[in-house]
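These numbers come from a predicted model, not from an experiment.
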Amino acid sequence: MASIPTDFQASGLIKLLIQESFLNVADAQVYVKEAKQNKVPLISYLVSNKLIDSKALASKASVEFGFPFFDLDAIDCRTLPISLINEKLIRKHHVLPLFTRGKTLFIAVSDPTNHQAVEDIKFQSLLRPEIILVEEGKLGKAIEVALEANDTSMIDLLDSDLDNLNVEGAGDEDAVDIKPESDEAPIVRFVNKILLDAIKKGVSDIHMEPYEKIFRIRYRGDGMLYVVATPPSNVSTRIISRVKVMSRMDIAERRVPQDGRIKMILSKNRAIDFRVNTCPTLFGEKVVLRILDPTSAQLGIEKLGFEPDQQELFLKAINKPYGLVLVTGPTGSGKTVSLYTGLNILNSIDRNISTAEDPVEITVEGINQVNVNVKAGLTFATALRAFLRQDPDVIMVGEIRDLETADIAVKAAQTGHLVLSTLHTNDAPQTLNRLMQMGVAPFNIVSAVNLIMAQRLARRLCQYCKKEAHFPENILLSAGFKKEELETLGIFQPNTDGCEHCNQGYKGRVGIYQVMTLSEAMRTMILEGGNALQLTALAKAEGINDLRASGLNKVRQGITSLEEIDRVTKE
């Protein structure tokens, strides 16, 4: 067994990891520090970064500490008594209530030395907690499934209950209840059901589209649109009017676009916002509702899809006290979630964080968020100037659209502030060129920019029904794979028929990233006026994976398909 230096304050679990040769002392000290910086439990950090095997650790800890070991695959996590413990405690201590026996509550944990969790749960639940050890790799997923089931169980409503759904119009003024007219009850129930089904299915957008002879309603799930309903075209006006009433728009105005917002209260712990926009078309108003779920920014950095080296670069950049971090990609590529994941890591009592967005999509307690209002004169540049007078530590700008905003952001980054923002460019090297084209001086770019990250979202293959794919050698070589890896290469494709867990072979999405810091050679090239092609070639020479290479890594790992990578990375 390895010995532990006396100056290393190690918990019981760390001692076990070192003594059983899971970790050496030097690595353990580094991992303890990094887990603390990232505000995640040590076990979660080690397992998510594949630094230890979660099953081997749980088995060893079970023997060492004398607690029973249990496989979470053996139970349906949707039926667990999750309401016995406050959700905040569940997330804080990474625990899961399994069942009760009399006054005893059996809880699943991956760290048996977390005595504070036992005390907190005992105080809150008034039950006596008993520890059962489980694999960390399965615990995180089980917690999310159980919490989601607890929330969605409250919205499994009968048709008769759809009349009384708690829906509010949300705007600049205080929210007010939206009361339907009595003769509109069928329309109210139908609209409420469309909204509820969209939340249950985890879609991002709802499209309501009137045409000459049909009225079509589509959901966008995992980035793809599909039809869910085709109500009679003669009720399209009534359905759209109901949505406009809910979002507090002018129902008499049908000639110009309007914006609004709906707030749906699902439970005392969960509310969903819808950002609503109408646009007049040939046969009526088209309505698009964007679903804004605050839980999307609480996934944790390990679930975004970073490769380990990319995650390290991103965390290093956002933990610097000053500098500019830019995220690029098209609309719907997950930029906001990436930025808010970083802001959640930085969100602490000793930091002043302010954001300017158009509009604010995710509300987070502890962060000062401003909605840009161009008509009222509140632009990104105006908000940025105001932030700089409010003693900021971290600033997030929704988008750099013009030279004025870019200049203020760069100067803020140069004067001791961490600035996060987005740009619409195809990849990281083009972002540098775009800033120069905007008019930002090259010497300002090289002194301010910490990191540039381009990203896309690819659909995940369903883990239950994906099947092995077989492609000719020339197809794989032209896709970007190397000849020497073809013999051992195992790649998968979707089962287009799908299964009960997925939609045509895909379920959920994963991020694909190009994460680029500025090397000395790159800074020199920028100062010499290098173009996007030269910067791209230099980035490749320095070993920075482009989006295509990162996508192929996800194919190698069996996370997504080659067809999906072709779809999201094609030029």
- Can R548 and D566 be said to form a salt bridge (charged side-chain N to carboxylate O under 4.0 Å, His left out), step by step? CA-CA 8 Å; R548 178 74 181 184; D566 283 340; 2.7 Å; yes
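No donor-acceptor pair under 3.5 Å is formed between the side chain of T230 and the backbone N or O of F215. Under the 3.5 Å distance criterion, the side-chain polar atoms of E564 are matched with a main-chain donor or acceptor of R459. Using a distance-only test at 3.5 Å, with no hydrogens or angles considered, a donor-acceptor pair links the side chain of N114 to the main chain of A117. Checked by atom type and distance alone, the side chain of D546 pairs as donor or acceptor with a backbone atom of A549 at under 3.5 Å. Checked by atom type and distance alone, the side chain of Q258 never pairs as donor or acceptor with a backbone atom of T278 at under 3.5 Å.
Ring geometry, F99 versus F106: the interplanar angle falls under 30°, so the pair is classed parallel (tilted spans 30 to 60°).
Put simply, CG on D427 and CE on M453 are 14.0 Å apart, with the number rounded to the nearest 0.5 Å. To the nearest 0.5 angstrom, L420 atom CG is 9.5 Å from L451 atom CG. To the nearest 0.5 Å, atom CG of residue D273 and atom OG1 of residue T363 are 6.5 Å apart. How far NZ of K467 is from OG of S561: 11.5 Å, rounded to the nearest 0.5 Å. Interatomic distance, CD1 of I291 versus CZ of R275, reported as 12.0 Å (0.5 Å rounding). Rounding to the nearest 0.5 angstrom, the gap separating the CG atom in L476 from the CZ atom in F481 is 6.5 Å.
The only option from R456, Q455, Q310 that meets the side chain to side chain donor-acceptor pair (under 3.5 Å) definition with S550 turns out to be Q310.
Side-chain N/O atoms of E136 and S110 include a donor and acceptor closer than 3.5 Å. A donor-acceptor contact closer than 3.5 angstrom links the side chains of H207 and K286.
Atom CD of Q369 has more than 12 heavy atoms from other residues, nucleotides or ligands within 6.0 Å. Counting heavy atoms of neighbouring residues, nucleotides and ligands inside a 6.0 Å radius, atom CD of Q557 exceeds 12 of them. Heavy-atom neighbours of K244 NZ from other residues, nucleotides or ligands within 6.0 Å: above the threshold of 12. A 6.0 Å sphere centred on OH of Y464 holds no more than 12 heavy atoms belonging to other residues, nucleotides or ligands.
Taking the side chain to side chain donor-acceptor pair (under 3.5 Å) definition, one finds that E357 meets it with Y340, T355, sequence neighbours left out.
Salt bridge status for R91 with E87: present, with a side-chain N to carboxylate O gap under 4.0 Å. Here R556 pairs with E485 in a salt bridge; the nearest charged N to carboxylate O distance falls below 4.0 Å.
When side chains are defined from C-beta on, K540 does not count as touching T536, because their heavy atoms never get closer than 4.5 Å. Residues C462 and C499 meet the side-chain proximity criterion, which asks for heavy atoms closer than 4.5 Å. Residues V203 and D222 form no side-chain contact, since every pair of their non-hydrogen atoms from C-beta on lies 4.5 Å or further apart. For the pair R216 and Y211, the minimum side-chain heavy-atom distance is below 4.5 Å.
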